[in-house]
Every structure is written in structure tokens, then in C-alpha cells.
Amino acid sequence: MSLLTVGLPKGSLETSTLELFAQAGWNIATRSRNYFPSVDDAELTLKLIKPQEMALYVADGSLDLGFTGYDWIMEQDCLDKVHTVCELEYSKSSNQPCRWVVVVPEDSPIQSIKDLHGKRIATELLNTTRRMLGEHGVEAEILYSWGATEAKAVEGVVDAVVEITETGSTIRANKLRIVHELFTTSTQMIAHPAAMQDPAKSAKIEQIRLMLNAALTARRKSMLKLNVSQANLDAVSQLLPSLHAPTINPLSETGWFAVESVVDKKQVRELIPKLAAAGAEGILEYDLQKVV
Ligand SMILES: Nc1ncnc2c1ncn2[C@@H]1O[C@H](COP(=O)(O)OP(=O)(O)OP(=O)(O)O)[C@@H](O)[C@H]1O
Ligand SMILES: O=P(O)(O)OC[C@H]1O[C@H](OP(=O)(O)OP(=O)(O)O)[C@H](O)[C@@H]1O
Ligand SMILES: [Mg+2]
């Protein structure tokens, strides 16, 4: 018997979750048509579970730990029944959250939630959509959609759809327009409450939490290394943000220093020209695997 039974999301989040675990230090192997991936950690038993059901199994203790979107934890009314260990900001194709939105055809007269009164709406999130309409005092017919939801608004089967959007490409491809944003959703690491009370299980959960977050943080950071003369050292150091303070070491040539610092990836294209202009030489950027 292993220590923890862990549910990994089958479907949209599957590849990105396996890639995150690999970066964090766990090698997971899936086999076609098999729902029990193997992993190089004897303390873990892994199961592939649809994100829609994940919170139910974490709530009833069939799983100690699970990964699914906030959207389906809420839709299944499990927010109070599971322990949220942490939010992990990654989706199917990016390290950004997704949005659930009301969309209509570009040329639709519908401009706001109020205009949905008496209309037909298709969605996979029945409960959440019903509640959102109720909060706005709107009565509409809500139809369950098994997928390809956007197509139903294009074909005129419904007046609007409530769908998830990440890159926006499906909305653009179908010539649809967003009229309302319901909420943002990202991947959540959730645990059975009793697992958090068990010292051995909660220690393992904490190990996984720390390493997955270290991997996600590392994706947003780069290591910059450069050489600089004594005369330019202050100017260059002042340009460099860092986790704490830049590391400065003397080179074997007197009067020259090696400087290294961890910076936000987004800043690098602005920083490197400024560092070069301030006298930095031999500037290198490295990708990082983990940042704690
Ligand atoms: N780009 C995305 N598209 C859809 N769901 C996403 C995306 N990124 C993250 N998710 C999350 O994945 C979960 C849904 O996963 P699921 O595998 O059911 O998606 P799906 O692609 O709709 O599946 P299916 O192939 O059955 O349509 C939700 O929690 C959702 O928030
Ligand atoms: O904003 P985007 O990056 O385009 O992503 C959002 C789209 O991806 C998902 O579709 P999915 O692949 O699940 O197809 P489905 O509708 O058949 O479930 C989701 O249901 C949206 O349609
Ligand atoms: Mg889908």
C-alpha cells in the first residue's frame, strides 16, 4: 500500500499536469487505455479521473489528493467538502487562469445578462449558470451541453452559451462576442480533510505542494549572469532585480566581477540592453527548473 492516492485530471489538464510533475521531479508514465499511470515514487498511487468528478472523490476520501479546476469544485458544490492545498496557475496551454464567460454571436442584439431573459442558453456548468442568472433576476432556459458548445450559438440552436475560454481562439474562430465574465478558474490542488490530519500524508502533500510551486515559479523566472568591471559594478548591480540581492564574485582578472541574479522572464528583454549599455559583458540567460 502506498501512502497517498492521487487523482490526476484526464483530458484538457492531463498533459500540462504531467509536464508540471516531471519538472517538479516525478516521472509519470501513462499507457494507452490504462487509467493508472506509474510513477517513480513508491509512496504514490496515481489514478486518471475526469476533472468534473475529481472533487467528489476527494470529498468522500476515495482520493487523498486531486487536481482539478476551481470551476468543477464549485459546480459540484464541493468547495466546503475538500481542503484546498493551493492554487496552481496553469491551464491546458498556458500558465494563466481561464475565464468562464457568456458569449453570443457577434451580430446578436444581446448586450448584457439582462438581455438573456426568456432566452435559451447552452452550457456544461448547469448549477453555476442557474445561480448566476438568479443573482441577476433573469429567467432563461438552460440546456446541458456535452461539448462543442460554441457551435450551438453559431447554429442558432441557442441564443447564448456559457463556456470556458483560455486563449480566446475558439471564440474568435466562431465569430462570437463576450457579453459577461462569470469568474476566473485555475487548477487547484485539493485534499481529503482527513488526509491533512494524518502527519505522514500531510507531510507528503506538503512535499508535492512545495515542489509543484517551485516548478511553476521557475517558469516565470530566469537566471542572468554577466561580467562587469569595478568601474561599472554599481551601475549594473542597481539595474538588477533579484530574489534577495545579486550574487557578486571576483573574477581571476583583478578589477572584474561576475554578477548573477534571478529576474522575472518578462523583464529580460528590457533588462539586457540596459545592462549592456551600463557596461555588462558576456551576458547569459539560463532557464530554471525550480525556485523556492
Ligand atoms: N483550455 C481549456 N479548455 C477547457 N478546459 C480547460 C482549459 N484549461 C484548463 N481547463 C480546465 O480543465 C477542466 C476540464 O477538463 P476536461 O478534460 O473536461 O476538458 P475538456 O477539454 O472540456 O474535456 P472533453 O475533451 O471531454 O471536452 C476544467 O476544470 C477547466 O477549468
Ligand atoms: O479559448 P480557447 O483556448 O480556444 O479554449 C477554450 C475552448 O477549449 C475547450 O474546448 P474542448 O477542446 O474541450 O472541446 P469541447 O467543446 O468539445 O469540449 C473549451 O470548451 C472551449 O471550447
Ligand atoms: Mg470540453
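Hydrogens, waters and symmetry mates are skipped; everything else that's a heavy atom, side chains included, is used. Indexing begins at 1, ligand by ligand and atom by atom, following the structure's order.
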For [atom], grab the closest protein heavy atom and report residue, atom and distance to one decimal in Å.
atom                    : result
atom 24 (P) of ligand 1 : K50 NZ, 4.1 Å
atom 30 (C) of ligand 1 : D71 OD2, 3.3 Å
atom 1 (N) of ligand 1  : E166 OE1, 2.6 Å
atom 18 (O) of ligand 1 : Q52 NE2, 2.8 Å
atom 21 (O) of ligand 1 : S12 OG, 2.5 Å

Option nearest atom 7 (C) of ligand 1 (shortest heavy-atom distance, choices M54, K92, M74) | K92

Protein non-hydrogen atoms only, distance under 4.0 Å: does [atom] have such a neighbour?
atom                    : value
atom 20 (O) of ligand 2 : yes
atom 14 (O) of ligand 2 : no
atom 9 (C) of ligand 2  : no

Name every donor-acceptor pair, under 3.5 Å, that has one atom in a side chain of residues 240-248 and the other anywhere in the protein, sequence neighbours excluded.
unit_1	atom_1	unit_2	atom_2	d
S242	OG	H244	O	3.3
S242	OG	A245	N	3.1

Do any nitrogen or oxygen atoms of S12 come within less than 3.5 Å of a nitrogen or oxygen of ligand 2?
-> no

Please determine, by modelled atom types, if Y35 and T30 share a side-chain donor-acceptor pair under 3.5 angstrom.
-> no

